[in-house]
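No experiment lies behind these values; they were computed from the predicted model shown. Sequence lines set the chain letters: A, B, ... in the order given, protein chains first and strands last, and positions in each chain run from 1.
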There are 2 protein chains.
Amino acid sequence: MTWCIGKLIKVTEKLQTKKKEILRAAREVFAENSYQGTSIKAIAKKAKIATGTFYLYFTNKDALINMIVEEMFHELLDYIKRERANYTDGFDKLQASMEACIKLFIQEKNMAKILLVQVPGVNNAFNVKLIEIENELIKLTKEDLDELKSQGRIPDEDTFITALAFVGSFRQVIINWLRQGKPENLEEVCTTLMKYNLRGMGKSDVSC
Amino acid sequence: MTWCIGKLIKVTEKLQTKKKEILRAAREVFAENSYQGTSIKAIAKKAKIATGTFYLYFTNKDALINMIVEEMFHELLDYIKRERANYTDGFDKLQASMEACIKLFIQEKNMAKILLVQVPGVNNAFNVKLIEIENELIKLTKEDLDELKSQGRIPDEDTFITALAFVGSFRQVIINWLRQGKPENLEEVCTTLMKYNLRGMGKSDVSC
DNA sequence: GAATAAAATGAATGATTATTCATTTTATTC
DNA sequence: GAATAAAATGAATAATCATTCATTTTATTC
């Protein structure tokens with residue numbers, strides 16, 4: 001066999017494509033069933049491969065879920081950070097973060113289901129990863145709040161608690177939307193929710 | 001055997017006592033492990049009975065978890081309703097609800113862990129029950145908000161969303177406390193959190 | 001198009017664990 | 001304190017799935 005870099009790249013590309021296909025299928029199955037309720041057989045079926053083939057691409061089930069959560073971690077945070085980058089004002093950054101989050105969750109409902117509904121009850125490595133994502137989001141929020149506080153635009157209160165309250169209020173609305181389809185139009189209520197939180201953190205600007 | 005009502009009562013009491021003991025043990029095990037991670041063997045060990053004995057008191061694992069969630073459902077909501085009953089003012093009722101919730105969760109940390117961390121990821125009947133509890137709490141909150149709105153004490157906004165935001169902010173803080181031990185003193189931050197939410201809903205009273 | 005290598009297959013394995021049941025232990029009755 | 005009934009036991013059963021591996025299929029090379 002002649003050594004051929006072009007071919008090698010093609011082969012690994014093909015492998016990657018198949019791996020991605022498995023990941024895509026797994027996300028779908030996992031979004032509808034819990035971790036334990038998701039069988040490799042079901043994932044393989046959805047990906048149109050044999051169960052054994054799965055193990056050519058992933059060492060085991062845990063590695064798969066780990067990769068799914070990790071991927072989502074980056075998709076979500078990268079998107080949020082990209083959207084935030086368009087603003088410098090603290091309030092604007094907060095708003096951009098949440099709008100990005102909601103926009104992505106509407107677009108990728110499976111991601112929302114996995115991150116907010118399915119993974120949280122599994123008590124192992126993924127939960128640690130999940131907590132990492134949430135902490136990162138809370139950290140971003142807290143940074144904005146600290147900035148606003150130092151500018152004297154919000155009252156002097158524990159910004160960590162405020163950040164938790166802010167994130168928590170959105171999370172609850174999103175979870176309700178996922179589980180019960182209410183509110184029907186998630187994007188629409190975003191305004192009400194944002195107003196609630198801006199008042200909550202004590203926005204004292206005379207803007208608008 | 002002579003028929004003897006006193007004895008009969010004693011026997012059923014003993015049965016109930018044992019059932020309660022199993023429930024108590026199960027709560028402990030379940031709070032530390034996920035639903036799937038909780039084995040009947042482990043529960044039996046903690047309750048100091050043989051695994052087979054478990055099935056004399058519960059038809060199966062699902063029935064047990066169901067009963068645990070149901071029990072907690074009533075413990076929590078009864079307590080909240082009792083505390084609320086001491087107040088007539090909408091804001092006071094809201095505050096009493098949340099203070100009751102937090103007080104109970106501090107006192108019975110296992111309950112909080114099971115209701116907020118362990119059960120949510122299990123996708124079956126318990127989740128339906130769990131959603132019921134949450135809906136009930138949100139309904140109570142919404143009622144208070146509607147009352148306040150009709151009195152012109154908060155601005156005219158979607159009270160359902162406001163109720164979700166209110167409950168969600170507390171939930172997030174409690175979950176963070178359970179998972180990461182921060183904030184250390186949950187009761188203390190309750191004030192900050194309550195202030196946040198009162199501002200959020202647009203409390204326009206000039207009380208204090 | 002034969003020979004070789006790479007991928008894919010899915011039945012078999014093995015580990016786990018809920019549930020059962022034949023047996024033993026404990027309690028009750030006379 | 002027999003005789004009987006009620007409770008408790010834990011090894012055996014059965015079902016579920018993640019994982020493996022001998023075999024087959026497909027692709028690649030000359």
* Contacts of type side-chain hydrogen bond (donor to acceptor under 3.5 Å, both in side chains), residue E136(A), not counting sequence neighbours -> K81(A)
N/O donor to acceptor pairs below 3.5 angstrom from side-chain atoms of residues 96-111 of chain B, sequence neighbours left out:
unit_1  : atom_1 : unit_2 : atom_2 : d
S97(B)  : OG     : R84(B) : NH1    : 3.0
S97(B)  : OG     : K93(B) : O      : 3.0
E99(B)  : OE2    : Q95(B) : NE2    : 3.0
E108(B) : OE1    : R27(B) : NH1    : 3.3

* For E132(B), all residues meeting salt bridge (Lys or Arg N to Asp or Glu O under 4.0 Å), sequence neighbours excluded -> none
* To do: Runs of at least three consecutive Watson-Crick or G-U pairs, both distances under 3.5 Å, are what I'm after; which ones involve DNA chain D?
  => C:1-30 with D:1-30
* For DNA chain D, find the residues of residues 42-50 of chain B with a heavy-atom distance under 4.0 Å and give them by number; none if there aren't any. => I49(B), A50(B)
* Asked: Using a cut-off of less than 4.0 Å, is there contact between a side-chain N or O of Y57(B) and OP1 or OP2 of dA8(D)?
  -> yes
* **Whole angstrom value for the distance that separates P of dA7(D) from CD of E21(B)** => 18 Å
* With sequence neighbours left out, what residues match K142(B) under salt bridge (Lys or Arg N to Asp or Glu O under 4.0 Å)? -> D146(B)
* Give the C-alpha distance, both sets of side-chain angles, the deciding distance and a yes or no for salt bridge (charged side-chain N to carboxylate O under 4.0 Å, His left out) between R199(A) and E157(B). => CA-CA 13 Å; R199(A) 275 197 304 259; E157(B) 251 159 33; 2.9 Å; yes
* To do: Report the distance from atom CZ of F58(B) to atom C1' of dT20(C), rounded to the nearest whole Å.
  => 18 Å
* Under the side chain to side chain donor-acceptor pair (under 3.5 Å) rule, what pairs show up with a residue in residues 182-194 of chain A, not counting sequence neighbours? -> none
* Side-chain N or O of K18(B) closer than 4.0 Å to phosphate OP1/OP2 of dA8(D) -> yes
* To do: Name all residues meeting the salt bridge (Lys or Arg N to Asp or Glu O under 4.0 Å) criterion together with R24(B); count only those two or more places apart in sequence or in a different chain, and write none if there are none.
  => E21(B), E28(B)
* By side-chain hydrogen bond (donor to acceptor under 3.5 Å, both in side chains) - contacts of N86(B) (at least two apart) -> none
* For F58(B), which residues count as a ring-ring contact (aromatic ring centres under 6.0 Å, His included) partner, sequence neighbours excluded? -> F54(B)
Between the protein and nucleotides 15-21 of chain D, are there any N/O to N/O pairs under 3.5 Å, and if so, what are the atom names and distances?
unit_1  : atom_1 : unit_2 : atom_2 : d
dA18(D) : OP1    : T38(A) : O      : 3.3
dA18(D) : OP1    : K61(A) : NZ     : 2.8
dA18(D) : OP2    : I40(A) : N      : 3.0
dT19(D) : OP2    : Y55(A) : OH     : 2.9
dT19(D) : OP2    : K61(A) : N      : 2.9
dT19(D) : O5'    : Y55(A) : OH     : 3.4

* Pairwise ring pair (Phe, Tyr, Trp, His ring centres under 6.0 Å) hits with a residue in residues 156-197 of chain A, at least two apart -> F166(A)-F170(A)
